[in-house]
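Each chain gets a letter, A, B and so on, in the order the sequences are listed, and its residues count up from 1.
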Protein chains: 2
Amino acid sequence: MAKIDDIMKMTGFSRTAVSKALNDKDDISEATKKIIRDAARELNYIPNINARNLRSKNNNVIALIISSPSAESEKTNTLYPLLMGVNKAMAAQQYELALYIIDSKDQAAKSYVAFCRERNVKGAILVGIKTDDDYIKQLKNSEIPYVLIDVDIRGTDHMNVVKIDDVTAAFEATEHLIDHNHKNIAFINGGKTATVAIDRWEGYQKALAEHGLPLQHDYVKIADFSEEKAYAVTKALFKQHPELTAVFCASDLMALGTMKALDDLELDVPRDVSVVGFDDIPLASYVKPALTTINQSFFEKGNKAADLIASLLKESQDKKIITLPHKLMRRNSVAHNKRSA
Amino acid sequence: MAKIDDIMKMTGFSRTAVSKALNDKDDISEATKKIIRDAARELNYIPNINARNLRSKNNNVIALIISSPSAESEKTNTLYPLLMGVNKAMAAQQYELALYIIDSKDQAAKSYVAFCRERNVKGAILVGIKTDDDYIKQLKNSEIPYVLIDVDIRGTDHMNVVKIDDVTAAFEATEHLIDHNHKNIAFINGGKTATVAIDRWEGYQKALAEHGLPLQHDYVKIADFSEEKAYAVTKALFKQHPELTAVFCASDLMALGTMKALDDLELDVPRDVSVVGFDDIPLASYVKPALTTINQSFFEKGNKAADLIASLLKESQDKKIITLPHKLMRRNSVAHNKRSA
DNA sequence: AGACAATGGCCAAGATCGATGACATCATGA
DNA sequence: TCATGATGTCATCGATCTTGGCCATTGTCT
């Protein structure tokens with residue numbers, strides 16, 4: 001394991017000269033740079049990142065904190081493209097990635113801030129956080145710049161966020177159903193605390209209101225983004241409210257649960273009931289009928305978040321909210337409602 | 001950012017005493033340990049991992065090297081559970097995870113060894129490597145212990161590997177079709193260089209041989225683990241060989257492409273043609289008909305690989321090959337063949 | 001034109017980052 | 001007196017940073 005002293009001995013230059021030459025500083029002549037570089041190559045020199053980061057606090061490590069990944073994430077597969085997006089941006093900008101996956105059940109888990117501080121993390125990207133999460137407090141007190149994905153904490157808008165316009169997306173999804181003559185539209189939401197859940201709930205309400213449709217609280221259920229719960233909720237819902245002709249689910253996975261429940265109830269999708277999902281996970285286009293849903297790119301989310309944190313580190317700037325595009329994917333789970341109101 | 005000197009000044013003990021107390025060494029009295037720990041808490045002390053790792057070479061960093069993830073991986077979603085498996089084992093054993101994703105198209109990518117050496121990585125887990133990969137050479141020359149996932153380089157059995165028994169699994173898959181009276185069974189493989197492809201090809205041949213079925217080289221195609229290519233290959237195959245009644249695909253994604261092609265050819269699965277896949281990705285159980293396939297746990301693969309590398313670091317031991325279980329999932333894409341041979 | 005200061009390119013020496021490890025030291029009790 | 005336990009001293013890991021020295025070139029002034 002060659003170190004800088006070895007190549008210093010070999011070339012006769014000082015430690016400093018070697019270091020500077022290898023880092024391509026401009027107060028070393030090209031001639032000696034070449035000598036030093038050649039020696040380094042010959043000795044198979046690789047800098048020790050610990051020593052470097054210890055000395056120069058300019059270490060370029062950015063943390064990706066993934067909070068409480070549910071069992072569902074194996075099926076939804078949103079985190080993987082997100083990770084790829086982050087990784088690509090980081091690699092392009094010479095940042096190191098420190099990955100920290102927090103199992104919500106693990107009480108002994110180190111705090112986010114401890115993780116970042118002990119390895120001198122310069123910035124962090126947080127994903128999967130909830131508005132009532134304990135981490136929010138830690139964040140505010142920490143001096144580490146961070147970017148949140150999909151979280152936009154109401155009231156405190158002094159944060160960097162990458163998200164889509166969930167309100168509008170949910171509005172469009174609901175409106176899509178209304179446009180197909182549906183009047184009794186159920187809404188199965190993921191929760192109450194996740195920002196995306198709050199936003200989608202708002203979009204649903206807006207769409208109803210704008211089209212003069214009454215908001216029936218009985219039509220709104222929570223299924224914790226779980227396929228199984230959505231299945232159960234849907235069954236109960238349609239037994240009690242056979243007048244329903246459409247369901248908007250705040251996630252594709254829940255939509256799958258809903259479709260399965262409808263199938264078991266011998267209600268045909270889309271002939272009897274129309275379904276719209278959210279996320280456009282790979283599964284959405286493969287099931288039959290193919291699920292109409294809101295597409296968003298998790299790769300882009302990760303990528304943009306990494307770019308944002310990188311630019312934040314280069315120059316301090318105002319807090320920023322990046323809104324990525326979404327798109328309604330019209331597939332085969334929505335049909336025109338022929339039932340009379 | 002409190003450092004050890006701050007708590008040394010605060011408590012009056014020496015730097016060493018503080019360090020030892022915080023690391024719970026046994027030559028510090030409990031009384032002073034308590035004093036020092038309290039002070040540390042009060043100062044919100046967090047050790048600097050760079051300094052620690054620089055000084056004590058006992059840094060517990062294990063790298064997970066993901067090589068050339070294809071675009072397919074977003075759909076197959078095998079890498080994410082694998083990562084979770086690795087992460088869980090690492091967290092349990094107090095290892096740090098350094099993630100290195102190599103984009104095969106990126107020529108400028110640092111070498112695996114450089115990545116590991118510069119951050120003092122103690123061991124590595126490699127996934128997605130091919131037998132003709134350049135990394136193989138790097139591996140042999142490196143002193144860093146490593147575990148390969150799904151790779152078992154023929155001839156050089158001096159490696160640590162975590163895998164399933166792909167030969168037997170493919171054998172069972174093929175035999176499953178034979179048991180359903182299929183005699184003309186196509187095999188769509190992923191490639192020629194991936195170990196899993198080689199093994200599955202062997203399993204297919206074995207099953208035919210054992211049941212006295214001739215091996216028709218025309219029935220065997222390569223589709224690079226790609227859904228689109230499998231689609232194209234299947235179309236060509238069945239136009240040329242209408243006598244085929246079954247297809248064994250070396251991956252689920254290819255099986256999906258095959259099923260789509262059969263659909264376009266107006267051949268019903270499983271009535272006209274039976275299909276068996278491999279991997280049991282989430283999609284497999286959602287498509288219609290649900291895909292009969294070989295289940296394996298990628299979470300377990302990652303988990304066991306991490307355990308193995310950890311035990312390797314604790315005590316040097318002989319090279320080990322861990323074979324994980326697999327299971328044939330009988331679903332709805334296979335039916336009894338009624339056509340006469 | 002010659003002298004002298006000022007500038008700037010190139011490199012060296014030594015301090016330094018924050019922790020740990022080897023060894024010395026200093027009380028004790030046996 | 002000699003282990004033994006509890007702390008302190010100092011060097012050390014491998015790099016970067018600060019400071020400053022040397023030499024050659026340029027500009028300015030007499």
Side-chain angles (χ1 to χ4, degrees), chain A residues 1-40 43-61 94 96 114-122, chain B residues 1-40 43-61 94 96 114-122:
Chain A
M1 208 72 143
K3 35 190 207 175
I4 236 176
D5 280 25
D6 295 328
I7 114 162
M8 150 182 143
K9 277 171 203 150
M10 180 167 171
T11 60
F13 288 103
S14 74
R15 208 200 320 283
T16 317
V18 173
S19 171
K20 284 185 173 176
L22 293 176
N23 288 307
D24 205 19
K25 304 278 182 186
D26 48 8
D27 60 343
I28 298 286
S29 71
E30 276 307 319
T32 71
K33 272 186 191 172
K34 178 164 170 29
I35 296 173
I36 289 172
R37 285 198 193 115
D38 288 350
L43 289 174
N44 195 17
Y45 168 78
I46 290 173
N48 180 315
I49 218 164
N50 289 127
R52 171 182 294 178
N53 287 349
L54 173 60
R55 176 64 239 223
S56 74
K57 312 231 158 197
N58 290 329
N59 58 344
N60 292 327
V61 21
Q94 306 279 50
E96 283 175 64
F115 177 86
C116 289
R117 281 184 49 195
E118 76 179 4
R119 56 197 80 196
N120 245 306
V121 162
K122 280 291 171 296
Chain B
M1 208 74 144
K3 35 191 209 175
I4 238 177
D5 280 25
D6 295 329
I7 115 161
M8 150 183 142
K9 279 170 202 152
M10 181 166 169
T11 60
F13 289 103
S14 74
R15 209 199 322 282
T16 316
V18 173
S19 170
K20 285 185 174 173
L22 293 176
N23 288 306
D24 205 19
K25 305 277 181 186
D26 49 7
D27 58 346
I28 298 286
S29 68
E30 275 308 320
T32 73
K33 272 186 190 170
K34 178 164 170 29
I35 296 173
I36 289 172
R37 285 197 193 115
D38 288 350
L43 290 173
N44 194 19
Y45 168 78
I46 290 173
N48 180 315
I49 218 165
N50 290 125
R52 173 186 307 202
N53 286 351
L54 174 61
R55 176 64 237 228
S56 73
K57 312 233 160 200
N58 290 328
N59 57 345
N60 292 327
V61 173
Q94 306 279 49
E96 282 175 64
F115 177 86
C116 290
R117 279 184 49 197
E118 77 178 3
R119 56 197 79 197
N120 246 308
V121 161
K122 282 290 173 295

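Less than 4.0 Å separates DNA chain C from at least one heavy atom of each of the following residues of residues 26-36 of chain A: D27(A), I28(A), S29(A), T32(A). For DNA chain D, the neighbouring residues in residues 8-22 of chain A, judged by any heavy atom under 4.0 Å, are R15(A), T16(A), S19(A).
Residues I28(B) and F13(B) are not in side-chain contact: their nearest non-hydrogen atoms beyond the backbone lie 4.5 Å or more apart. Here the side chains of Y45(B) and I4(B) are in contact, with some heavy-atom distance below 4.5 Å. By the 4.5 Å heavy-atom criterion applied to side chains, K122(A) and V61(A) are not counted as neighbours. Looking at heavy atoms from C-beta onward, K3(A) lies out of side-chain contact with N48(A) at the 4.5 angstrom threshold.
Atom OG in S29(A) sits 7.5 Å away from atom CD1 in I35(A) (nearest 0.5 Å). Within the model, atoms CZ of R52(B) and OG of S19(B) stand 8.0 Å from one another, a figure rounded to the nearest 0.5 Å.
R55(B) contributes a side-chain N or O that forms a donor-acceptor pair with the base of dT12(D) under 3.5 Å.
Here Y45(A) reaches the OP1 or OP2 of dA15(D): one of its side-chain N or O atoms lies under 4.0 Å away.
Here dT12(D) presents its P atom at 10 Å from NZ of K3(A), a figure rounded to the nearest Å. One atom, CG of L43(B), and another, P of dG18(C), lie 14 Å apart when rounded to the nearest Å. Regarding D6(B), its CG atom lies at a distance of 12 Å from the P atom of dC17(C), rounded to whole Å. In this structure, I7(A) places its CD1 atom 15 Å from P of dG14(D), rounding to the nearest Å. The CZ atom of R52(A) sits 11 Å away from the C1' atom of dG14(D) (whole-angstrom rounding). L54(A) has its CG atom 12 Å from the P atom of dC17(D), to the nearest Å. In this structure, the CG atom of D24(A) is 13 Å from the P atom of dT16(D), given to the nearest Å.
Of the charged side-chain nitrogens involved, at least one lies within less than 4.0 Å of a carboxylate oxygen, so that D24(A) and R37(A) count as a salt-bridged pair. Checked for salt-bridge contact, D5(A) and K9(A) miss the test: no charged N lies under 4.0 Å from a carboxylate O.
A donor-acceptor contact shorter than 3.5 Å links the side chain of T11(B) to the backbone of I7(B).
Among the heavy atoms of the strands, none lies under 4.0 Å from D5(B). Among the atoms of the strands shown, only primed sugar atoms or phosphate atoms (P, OP1, OP2) are found under 4.0 Å from some heavy atom of N23(A).
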